[in-house]
There are 2 protein chains.
Amino acid sequence: MKQSNPDPYTDLAYSIHAVGARATPARMRALAALRHAAQPLSHADIEAELSAERMPLIDRVTLYRVLDWLTEVGLAHKVVDFHGVFRFSANTPDAKHTQHAHFRCTDCGRVTCLDEPVPALPHLPRGFRLARVELDIQGECADCVASH
Amino acid sequence: MKQSNPDPYTDLAYSIHAVGARATPARMRALAALRHAAQPLSHADIEAELSAERMPLIDRVTLYRVLDWLTEVGLAHKVVDFHGVFRFSANTPDAKHTQHAHFRCTDCGRVTCLDEPVPALPHLPRGFRLARVELDIQGECADCVASH
DNA sequence: CACTAAACGCAACTTGGTTGCATTTGATAT
DNA sequence: ATATCAAATGCAACCAAGTTGCGTTTAGTG
Ligand SMILES: [Mn+2]
Ligand SMILES: [Mn+2]
Ligand SMILES: [Zn+2]
Ligand SMILES: [Zn+2]
């Protein structure tokens, strides 16, 4: 368990060891991809990125398992997009991405983080227990509206 | 274009003719299923229901096309659930289902309509155009929490 | 360096959804 | 009533995303 990097967040192996697990290449590379991404990535997105890095290929099943595992241990966040495809994002230490909503442009496909906080939920009937909430907002971004 | 039923909403053929299209068995039966449903139904749900009615079977491709068509003309509403599966609900004339959120129990799978209105959205950056919003709330319902 | 639980790679499979095309049919016009 | 034809259907083949089972490899530990 070497401690290479002084910043615990940017050190991939450190982050993985921190949840008590083995820091394998597949996990580190997938997590790196998520951390450098500007938007939530699909399995296909990540597979494409990883195979561009000229390194040994990671099996697609392994990648599915790694992504679900990252989600399980809280290093990533999993949501389903409007096409029914799962997308993953890195959970920053302060969990920024869970605190705000995302806007997806139907034209160019870009995802914009909305800076305002997610609105308060309608409160649940007595006895109900909340697990998670997903808020997806779809439309056209300013660029696409302008260029019509 | 016979006008059999005095209530235009409960008359399936009427509703379909009203959007200028042919009232076929597949369309009427699918729409009926959605209108009688207490929750949004998946393609598989509807297929099961339709094949229980002892009538000629409707091809699965036709059902996919009918559901997307109903959505296109505004007779139905299409959303994607937490598993990435599309679910459809009938659009009542006053569009009730678009005005409130749904709670899905991870245990028993039941969907509960939350009576409170959907909270106000975070407002969008200048120039953005909103098309649709999807709010999904997941957790355990009171029954499942009680029976642990 | 040896050990072993944990992770990986591969093949096969499943589910949900789509495409192309030949055949049938609902509504209209005669 | 019947002919007509765009619109809708049925079928076969295909695709994309995700899962399961199992034998092999490997990260971390002593
Ligand atoms: Mn964000
Ligand atoms: Mn799918
Ligand atoms: Zn755009
Ligand atoms: Zn329940």
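Proteins come first, then strands; the chains are lettered A, B, ... in the order of their sequence lines, and each starts at number 1.
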Nearest listed nucleotide, side chain of B:Arg60, among D:dG18, C:dG17, D:dA8: C:dG17

Listed nucleotide nearest any side-chain atom of A:Val85, set D:dA8, C:dA7, D:dG18: D:dG18

Residues which pass salt bridge (charged side-chain N to carboxylate O under 4.0 Å, His left out) with B:Asp68, listed by chain and number, not counting sequence neighbours: B:Lys78

Salt bridge A:Arg29-A:Glu53, side-chain N to carboxylate O under 4.0 Å: yes

Partner residues of B:Leu57 under the side chain to side chain contact (heavy atoms under 4.5 Å, CB included) criterion, sequence neighbours left out: B:Ser51

Contact summary for B:Ala76 and B:Asn91, nearest pair of heavy atoms: O-ND2, 3.6 Å

N/O (side chain, [X]) to phosphate O (OP1/OP2, [N]) under 4.0 Å:
| X | N | result |
| --- | --- | --- |
| A:His83 | C:dG16 | no |
| A:Thr24 | C:dA6 | no |
| A:His17 | D:dG28 | yes |

Helical bend (five base pairs per end, nearest 10°) for the helix from C:dC1-D:dG30 to C:dT30-D:dA1: 30°

Residues forming a side chain to side chain donor-acceptor pair (under 3.5 Å) with A:Arg87, sequence neighbours excluded: A:Asp45, A:Asp81

Any residue meeting side chain to side chain donor-acceptor pair (under 3.5 Å) with B:Glu72, in chain and number order, not counting sequence neighbours: none

Check: D:dA7 base within 3.5 Å donor-acceptor of B:Arg22 side chain: yes

I need the [atom1]-[atom2] distance between [X] and [N], as an integer number of Å.
| X | N | atom1 | atom2 | result |
| --- | --- | --- | --- | --- |
| B:Asp81 | C:dT15 | CG | C1' | 13 Å |
| B:Leu41 | C:dG16 | CG | C1' | 16 Å |
| A:Arg27 | C:dA7 | CZ | C1' | 6 Å |
| A:Asp59 | D:dG18 | CG | C1' | 13 Å |
| A:Leu57 | C:dC8 | CG | P | 15 Å |
| A:Leu12 | D:dA27 | CG | P | 15 Å |
| B:Ile16 | D:dT9 | CD1 | P | 10 Å |

B:Met28 with B:Leu70, same ILVMFWY side-chain cluster at under 4.5 Å: yes

In one Ile/Leu/Val/Met/Phe/Trp/Tyr side-chain cluster, 4.5 Å: A:Val80, B:Val79: no

Residues touching DNA chain D, which here means a heavy atom under 4.0 Å, drawn from residues 62-71 of chain B: B:Thr62, B:Arg65, B:Val66

Whether B:Tyr64 and B:His43 hold their rings parallel, tilted or perpendicular, with breakpoints at 30° and 60°: parallel

Toward the 5' end of DNA chain D, by each residue's nearest nucleotide, B:Ala21 or B:Val61: B:Ala21

Touch class at under 4.0 angstrom, heavy-atom based, for A:Ala23 against every strand present: sugar-phosphate

Short side-chain donor-acceptor distance under 3.5 Å, A:Arg35 and A:Ser89: no

5' precedence on DNA chain C between B:Pro25 and B:Phe86 (nearest-nucleotide basis): B:Phe86

